Every structure is written in structure tokens, then in C-alpha cells.
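Here is the structure we will look at, set down as C-alpha cells.
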Amino acid sequence: MSFTRPNIIRPPSEWRSYFLPLTSGCSNNTCTFCGYYGSKLQMRDIAHVKTEIDALALFVRSGIRVPDIPGTVYTVAQDWDGRRIFLQDGDALVYPFAKLLETLQYTNEKLPGVERIATYATPQDILRRTVDELKELRQLKLGILYTGLETGHDELLQKIGKIVDSDQVIEAGKRVKEAGISFSVTVILGLAGVEGSQKHALETARVLTQIDPQYVGALTLTLVPGTPLYEEWERHEFHPLSPFQSLEELRSIIENSSFTDCFFSSMHASNYLSVRGRLPQERDRMLRQLDKVLASRDASLLRPEFLRGL
Ligand code: SF4
């Protein structure tokens, strides 16, 4: 089967990266809220990955476009800062380890200006690697891994199909940090609906505290048609939070978590309000910002529903 180039789904901070597909889909395609639900994992032939790296290097060096290389490569390359590469797709760390090493070595050789390589990774992908293996990747400029914790609430983790528990995510985080790779963790506001909101927030704060990552990104749940959670909502079995309830959840996570030095943000387009800052240093300012909006209940201070993105 020929490889299907995935759409670009990326963390906000990777907006200037070059997006290099190694896989398509996600190996853990069972998360009931996610657009990757039911996706078929495809591994890209490494020869094609190298051909793309060659074409990119040639374009960067001399502006020459190679026939037969998809136009997307050049569209992305035109906006590229030349410094960061993001490996697609849903969990590119699942790419066979030897091939991943080869890809990173080739990237370093052909594109020496690249400073940092990043990818999404499931906790399972991370736990399949030893600290020494992760260190090998670090030496080849894999500088950050983005992982979805989504919630620290174990029952909810099971219910939404993550197939890991919070202890495994904590262990994965420790391994990544020990290897010298930055760890960025995503949590999803509203994932437990109205009934589970408080527990979701408190358990998420507990697990974030134990992971103590360098970055936390909060997203707000968006119900995606075709997913089991969307169907639950259609059957009136899932009761989504209101925008202000999701801000209360965000407030509770910030208030109840404790970090050594973490950049915490809700900058993602799915959120109703962008709050960001270093924790613990800026906790009071961030809580004050949230309290002000929560006290006003002024919907005009929030991102309108039609401007929210996935
Ligand atoms: S592991 Fe991540 S990308 Fe894969 S289905 Fe779950 S939420 Fe989606």
C-alpha cells in the first residue's frame, strides 16, 4: 500500500518547523475523543524519507525543485525557519528504532543547520526505549517529545482508550527527562464532562506534579464527528463543560499542581482563553487573570466558538 502523506497536526510551538512524515496515523488509535480514532498506522519507507531530506537540502541550498517531489514539500519549506524539524505523525517515535536513528543521522548530515528535532510520542513508545536509547536520539538532536497525558484520572484514562495508566506516563516522563530530552505534556479540559470535572482536574494536577515536565499545554475538548465520544454526546450520555466551567478546570489544574520550572500554556486554538506563564513563578498572575474573567462571566472575553480550532 502506498504511503499517504498525513495532514499537518502540530503543537502550537512547532509552527515554524519543517514537517517530515515518518508515519501516518497513530499506533494507539483507540482514544475515543481523537480524530486519529480508528486510523491505520503506516510506516514510510526510509528511502522515501531520505529522498525528501535530499530534496529539502537542495531547495534550501540553491532553490532548485526536483520533479516528482510533492509540492507540499516546497510549500512547507518556504515558511520554514531552517532550524526545527517536526517528525509526523500521531506518534512518530513508533518508527522502528534503527530507522529512526538512520533518519536523524541523515538529517544531521544533510541539514546541519537544524538545531532541534521534535515529535509526538505515546507513553508506550517511550517505555519501549531505554534511557540509553533515548540518549542516542538526544545526541542526534531529538530535543523534545510531546505526549498526551490528557488526564491523570486513571478510570478516565481507561474509559477514553489511552491504554496506559498514570504511573506509566509518570515513568515515561522520568525516562525522557533523564535522557536530557525536554518533555511537553498535553492535558484536555472538559474530557470528563460535567460530572467528572473536579476529579479530572485534581488527578491531572497530581500526575503533572509527579511528572514535573518542562512544558504543559492545555487544550479544550472539541467533539469530533465520527468518534465514540461524539456519539456519546449525541446520545446525551456525555455532558460537555460550558466555556466558563472549562476555565474553572484550568484554574484548578494550575492551582493544585506544583512544578520545578514549567512553561504552562493554554495557547492552543481550541481554548476559550489564552493563559500562559512560568510555574511556579507566575502562578499568582495566571490565577488572577483567570479569576478576573471567571468573576465577570463576560463571554466577549473568550475566543468565540467559530474561531476555535482543533
Ligand atoms: S495516542 Fe494521541 S494521537 Fe493517538 S489516538 Fe490517542 S490521542 Fe490520538
Side-chain angles (χ1 to χ4, degrees), residues 4-14 17 19-44 86-95 100 118-129 144-173 175-176 183-193 196 200 203-204 207-208 211 213 215-233 238 240 266 268-271 309-310:
T4 311
R5 193 179 189 92
N7 292 330
I8 295 172
I9 296 176
R10 56 156 180 86
S13 50
E14 297 290 330
S17 295
F19 303 101
L20 178 67
L22 300 190
T23 65
S24 171
C26 170
S27 70
N28 184 77
N29 61 1
T30 51
C31 300
T32 60
F33 60 90
C34 179
Y36 283 94
Y37 179 84
S39 66
K40 282 218 165 16
L41 177 71
Q42 283 188 296
M43 300 282 186
R44 193 180 185 193
F86 185 80
L87 305 174
Q88 292 178 282
D89 194 18
D91 66 328
L93 195 70
V94 78
Y95 202 54
L100 187 56
T119 186
Y120 286 127
T122 63
Q124 298 96 310
D125 297 332
I126 296 166
L127 293 174
R128 268 194 297 273
R129 306 274 70 95
I144 185 164
L145 289 176
Y146 296 92
T147 289
L149 165 66
E150 330 301 10
T151 178
H153 183 193
D154 278 311
E155 272 168 47
L156 185 58
L157 275 173
Q158 216 175 31
K159 183 165 176 254
I160 61 173
K162 285 300 281 190
I163 324 189
V164 281
D165 61 26
S166 59
D167 285 344
Q168 288 171 293
V169 191
I170 293 165
E171 170 57 28
R175 229 177 260 196
V176 170
F183 199 43
S184 180
V185 176
T186 302
V187 299
I188 302 184
L189 307 173
L191 192 57
H200 167 49
E203 287 294 285
T204 300
V207 175
L208 286 177
I211 300 174
Y215 302 93
V216 173
L219 274 63
T220 299
L221 178 69
T222 303
L223 290 163
V224 180
T227 59
L229 191 60
Y230 187 89
E231 287 162 14
E232 253 186 71
W233 169 69
F238 178 78
S266 67
H268 190 268
S270 62
N271 293 304
L310 268 178

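We count ligands from 1, going down the list as the structure has it; atoms in each ligand are counted the same way. All figures in this text were calculated on a predicted structure; none of them were measured in a lab.
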Quiz: residues 88-95 side-chain donor-acceptor pairs under 3.5 angstrom, not counting sequence neighbours:
residue	atom	partner	partner atom	Å
Q88	NE2	N7	O	3.0
D89	OD1	Y36	OH	2.6
D89	OD2	G25	N	2.9
D89	OD2	Y36	OH	3.4
D91	OD1	S27	N	3.2
D91	OD2	S27	OG	2.6
Y95	OH	R44	O	2.7

Identify the heavy atoms of Y230 and V224 that sit nearest to each other, and give their distance. CB-O, 3.2 Å

Check: S13/Y146 side-chain N/O donor and acceptor closer than 3.5 Å: yes

May I ask you to determine how many protein N/O/S atoms are under 2.8 Å from atom 8 (Fe) of ligand 1? 1

Can you give me the closest heavy-atom contact between F33 and L221, atom names plus distance? CB-CD1, 4.0 Å

Protein contact of atom 2 (Fe) of ligand 1 - nearest heavy atom, named by residue and atom, plus distance: K162 NZ, 3.9 Å

What closest approach, in Å, do H200 and A192 show between heavy atoms, and which atom pair accounts for it? CB-CB, 3.6 Å

Using a 4.0 Å cut-off to any heavy atom of E150, which atoms of ligand 1 qualify? 7 (S)

For E155, look at atom CD and say whether over 12 heavy atoms of other residues, nucleotides or ligands are found less than 6.0 Å away. no

Stepwise, does the side-chain contact (heavy atoms from CB on, under 4.5 Å) test hold for L149 with L208? CA-CA 9 Å; L149 165 66; L208 286 177; 3.9 Å; yes

